[in-house]
Amino acid sequence: MLQQTPVVRVLPVWEEWLRRWPSPAHLAAEASGEAVRHWGRLGYPRRALRLHAAAVAIVERHDGDVPGNHAELLELPGVGSYTAAAVAAFAFGRRETVVDTNIRRVHARLFSGTALPSQSLTAAEMRLAAELLPADVGLSVRWNAAVMELGAVVCTARAPKCAECPVRGACAWLAAGEPPPSYTPKGQSWHGTDRQVRGAVMAVLRLADSPVAPEMFHQPPADLGFEADGIGVPLAALHRLNSAPEQLERALTGLVSDGLAELHLGGLRLPA
DNA sequence: AATACGTGGCC
DNA sequence: TGGCCAAGTAT
């Protein structure tokens, strides 16, 4: 849930999930669509799909217990290098080289003297992080948490609080006079994109309690906003995008091929 | 390596 | 207001 998503937005959803599905086996017993539905508006709903698939894999391959080592975690759907390391370190107390966006930024400023880390995670960054990691297991866990927290709270992407930074005396970027980034990150476009349409369609499917006819997406009924099953609002939002028919079609087929939606009785619904 | 993939808060 | 950015992963 935390992948690319701020903690404060994750917390309430995470709590509801753990109340509803206290163990991997509970989640694995559900249809994948229920995971997607209760993902709510966290974004990147394929993560919900993968989390559900991970629960299934944990039941099948690990007798329902989350594995504690990096290699086995990495085999789980939706678990990459960062998540495997973070779970092994923070949930199981292992000594792992955790490298997330916060740690990358701290290292970039302290050691490289640059405002931002490189655009992609490099082998050199991993090497540096591995070298910095304390040998003691307990210390290494605290180190990972501390560096990550420093990046999240003090050494932030925008307006870093250098005046209250505990390691400002050792910062290469500060010493260099806070040079601006050497590149401008290419922003993720949103307005008018397929992603925007996909998001709007998913908002409809999450609220629908029965398959939604394709015509509902392509031709809005005049009385939108008064739909009996409550999908009028997200449906109206979708139509407000005024996207081209082929773009809408591309979004729908994309969602189906991604496993986020399925055709049933001529309509579209979350996977049952 | 580059690209696709949601959402909402902040400045 | 529009772009930036957030505990990344898969292809």
Side-chain angles (χ1 to χ4, degrees), chain A residues 1-14 35-54 57 70 73-91 96-108 115-123 125-126 129 141 143-153 155-160 180-181 183-206 234 237-238 241 247 250-251 253-261:
Chain A
M1 287 177 176
L2 289 166
Q3 294 166 359
Q4 296 283 282
T5 307
V7 177
V8 288
R9 198 177 309 160
V10 164
L11 266 176
V13 181
W14 175 75
V36 174
R37 190 186 308 279
H38 293 282
W39 194 253
R41 304 188 63 79
L42 276 187
Y44 291 150
R46 50 176 56 174
R47 293 182 298 167
L49 225 42
R50 291 179 182 144
L51 194 43
H52 176 269
H70 189 281
L73 284 163
L74 199 52
E75 292 299 310
L76 299 175
V79 176
S81 159
Y82 159 73
T83 302
V87 171
F90 302 133
E96 300 284 338
T97 304
V98 179
V99 179
D100 79 323
T101 187
N102 292 300
I103 291 178
R104 295 188 65 212
R105 187 173 54 250
V106 170
H107 288 171
L116 298 174
S118 54
Q119 304 197 49
S120 59
L121 179 57
T122 65
E125 284 181 84
M126 288 302 294
V141 173
W143 175 267
N144 282 324
V147 180
M148 200 179 301
E149 197 70 1
L150 182 66
V153 175
C155 194
T156 52
R158 287 173 304 193
Y183 66 94
T184 50
K186 42 186 167 216
Q188 318 164 343
S189 56
W190 174 247
H191 291 287
T193 63
D194 289 4
R195 296 167 66 178
Q196 187 183 29
V197 180
R198 284 169 59 111
V201 171
M202 288 304 298
V204 174
L205 296 185
R206 280 197 305 268
L238 170 64
L241 298 180
Q247 184 179 41
R250 195 165 57 240
T253 57
L255 290 173
V256 171
S257 68
D258 283 354
L260 284 166

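All chains are named by letter (A, B, ...) in the order of the sequence lines, taking the proteins before the strands, and each is independently numbered beginning at 1.
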Q. Would you say the side chain of A/Arg47 lies within less than 4.5 Å of the side chain of A/Leu42, judging by non-hydrogen atoms?
A. yes
Q: Rounded off to whole Å, could you give me the CD-to-C1' distance for the A/Glu75 and C/dA10 pair?
A: 14 Å
Q | Interatomic distance at P, C/dC4 relative to B/dT3, whole Å | A | 16 Å
(Q) Categorize A/Arg41 for me: base, sugar-phosphate, or nothing, with a 4.0 angstrom heavy-atom threshold over every strand shown. (A) sugar-phosphate
Q: Assign A/Arg9 to base, sugar-phosphate, or nothing according to its heavy-atom contacts below 4.0 angstrom with the strands shown.
A: base
**Q.** Nucleotide of C/dT9, C/dC5, B/dC5 approaching A/Pro185 most closely (side-chain heavy atoms)
**A.** C/dC5
Q: Indicate whether OP1 or OP2 belonging to C/dT9 is found under 4.0 Å from a side-chain N or O atom of A/Thr83.
A: yes
Q) What nucleic acid atoms does A/Ala157 come within less than 4.0 Å of, heavy atoms only: base, sugar-phosphate, or nothing? A) sugar-phosphate
Q | Spacing of the P atoms in B/dG8 and C/dT9 (rounded, Å) | A | 22 Å
**Q.** 5′-ward residue of the pair A/Ser120/A/Gly199 relative to DNA chain B
**A.** A/Ser120
Q: For A/Leu42, answer base if it contacts any base atom (sugar-phosphate contacts may also be present), sugar-phosphate if it contacts only those atoms, and nothing otherwise; contact means non-hydrogen atoms under 4.0 Å.
A: base
(Q) Over all strands shown, is A/Val10 touching base, sugar-phosphate only, or nothing at heavy-atom distances under 4.0 angstrom? (A) nothing
Q: Considering non-hydrogen atoms only, spot the tightest contact between A/Gln4 and A/Tyr44 and give its length.
A: CB-CE1, 3.9 Å
Q.
From OH of A/Tyr183 over to C1' of C/dC5, roughly how many Å is that when rounded to an integer?
A. 12 Å
Q: Report the distance from atom CG of A/Asp258 to atom C1' of B/dT3, rounded to the nearest whole Å.
A: 14 Å
Q.
Looking at A/Arg104 and A/Val99, would you say the former's side chain and the latter's main chain have a donor-acceptor pair under 3.5 Å?
A. no
Q) Across the strands shown, which category fits A/Ser81 at heavy-atom distances under 4.0 angstrom: base, sugar-phosphate, nothing? A) sugar-phosphate
Q.
Mind checking if A/Gln196 touches a base, just sugar-phosphate, or nothing, with heavy atoms under 4.0 Å?
A. nothing
Q) Which part of the nucleic acid does A/Arg198 contact within heavy-atom distance under 4.0 Å: base, sugar-phosphate only, or nothing? A) sugar-phosphate
Q: Give A/Arg206 one of three labels, base, sugar-phosphate or nothing, depending on what nucleic acid heavy atoms sit under 4.0 Å from its own.
A: sugar-phosphate
Q) How close do A/Leu73 and A/Ala84 get, heavy atom to heavy atom, and via which atoms? A) CD1-O, 3.4 Å
Q: Specify the residue among A/Pro6 and A/Leu76 whose closest nucleotide of DNA chain C lies further upstream toward the 5′ end.
A: A/Pro6
(Q) Give me the atom names and distance for the closest heavy-atom approach of A/Arg198 to A/Ala251. (A) CG-CB, 3.9 Å
Q. Are A/Arg46 and B/dG6 close enough that a side-chain N or O sits under 4.0 Å from OP1 or OP2?
A. no
Q: Starting at atom CG of A/Leu121, determine the distance to atom C1' of B/dA1, rounded to an integer number of angstrom.
A: 13 Å
Q: Check every strand shown and say whether A/Gly80 touches a base, only sugar-phosphate, or nothing at a heavy-atom separation below 4.0 Å.
A: sugar-phosphate
Q: Check whether the side chain of A/Thr5 and the base of B/dG6 form a donor-acceptor pair under 3.5 Å.
A: yes
(Q) From CH2 of A/Trp190 over to P of C/dA6, roughly how many Å is that when rounded to an integer? (A) 18 Å
Q.
Using every non-hydrogen atom in the two residues, find where A/Ala35 and A/His52 come nearest and quote the distance to one decimal.
A. CB-CB, 4.0 Å
Q: Please name the pair of heavy atoms, one in A/Ile103 and one in A/Val98, separated by the smallest distance, quoted to 0.1 Å.
A: CD1-O, 3.1 Å
(Q) Whether A/Arg47 contacts B/dA4 is assessed here as follows: a side-chain N or O lying under 4.0 Å from the phosphate OP1 or OP2. Is that the case? (A) no
Q) Think A/Lys186 has a side-chain N or O under 4.0 angstrom from the OP1 or OP2 of C/dG3? A) no
Q | Nearest-Å distance for atom pair CE/C1', residues A/Met126 and C/dG8 | A | 13 Å
Q) Taking CZ from A/Arg104 and P from C/dC5, how many angstroms apart are they, rounded to a whole number? A) 13 Å
Q. What is the distance from CD of A/Gln4 to P of C/dA10, rounded to the nearest Å?
A. 13 Å
Q. What nucleotide among B/dG6, B/dC10, C/dA6 has an atom nearest to a side-chain atom of A/Arg158?
A. B/dC10
